[in-house]
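Okay, structure first, notes after.
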Amino acid sequence: MYIPQFVADWIEEAKEHYGSEIDPLKIVYWTGDYISDTDSHYEWLENIYNQKLLLNAVINGYEVKKRT
């Protein structure tokens with residue numbers, strides 16, 4: 001599963017926030033709460049497909065999509 005670099009950054013920041021406790025729902029909740037409408041990638045998070053992609057990435061792991 002490939003996600004943009006900024007999403008990987010969000011996931012890693014959430015993991016740092018919760019320490020060693022890696023709870024997928026907490027990470028997704030934190031991301032939704034942390035990202036505000038002033039973030040340049042906010043629109044990405046509003047899309048339901050992308051929300052599912054974020055949850056799947058947290059649960060199943062991910063690779064960062066390479067820019068071409």
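Hydrogens, waters and symmetry mates play no part in the numbers below; they use all other heavy atoms, side chains included. Nothing here was measured: the structure is a model prediction, and the numbers come from that model.
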Beyond-backbone contact of Leu55 with Ile27, side-chain heavy atoms, under 4.5 angstrom
no
Count I, L, V, M, F, W, Y as connected when their side-chain heavy atoms are under 4.5 Å apart, and connections chain through other members. Are Trp44 and Tyr42 then in the same cluster?
yes
Look at the side chain of Asp33 and the backbone N and O of Tyr29, then say whether any donor-acceptor pair between them is shorter than 3.5 Å.
no
Can you tell me how the ring of Phe6 sits relative to the ring of Trp10, calling it parallel under 30°, perpendicular over 60° and tilted otherwise?
perpendicular
Side-chain touch Leu54/Leu45, heavy atoms, less than 4.5 angstrom:
yes
Crowded around Glu43 CD? As in, over 12 foreign heavy atoms under 6.0 Å?
no
Look up atom NE2 in His41 and atom CD in Glu46, then write down how far apart they are to the nearest 0.5 Å.
14.0 Å
Flag side-chain contact, heavy atom, 4.5 Å: Ile11 against Ile3:
yes
Applying the 4.5 Å side-chain criterion to the ILVMFWY set and letting contacts propagate, would Tyr34 and Leu25 be lumped into a single cluster?
yes
To the closest 0.5 Å, what do you measure between NE2 (His17) and CD (Glu12)?
14.5 Å
Residue pair Val64 / Pro4: nearest heavy atoms and the distance that separates them
CG1-C, 4.3 Å
Main-chain N/O of Leu53 paired with Asn50 side-chain donor or acceptor, under 3.5 Å:
no
Side chain to side chain, Glu13 and Trp30, heavy atoms closer than 4.5 Å
yes
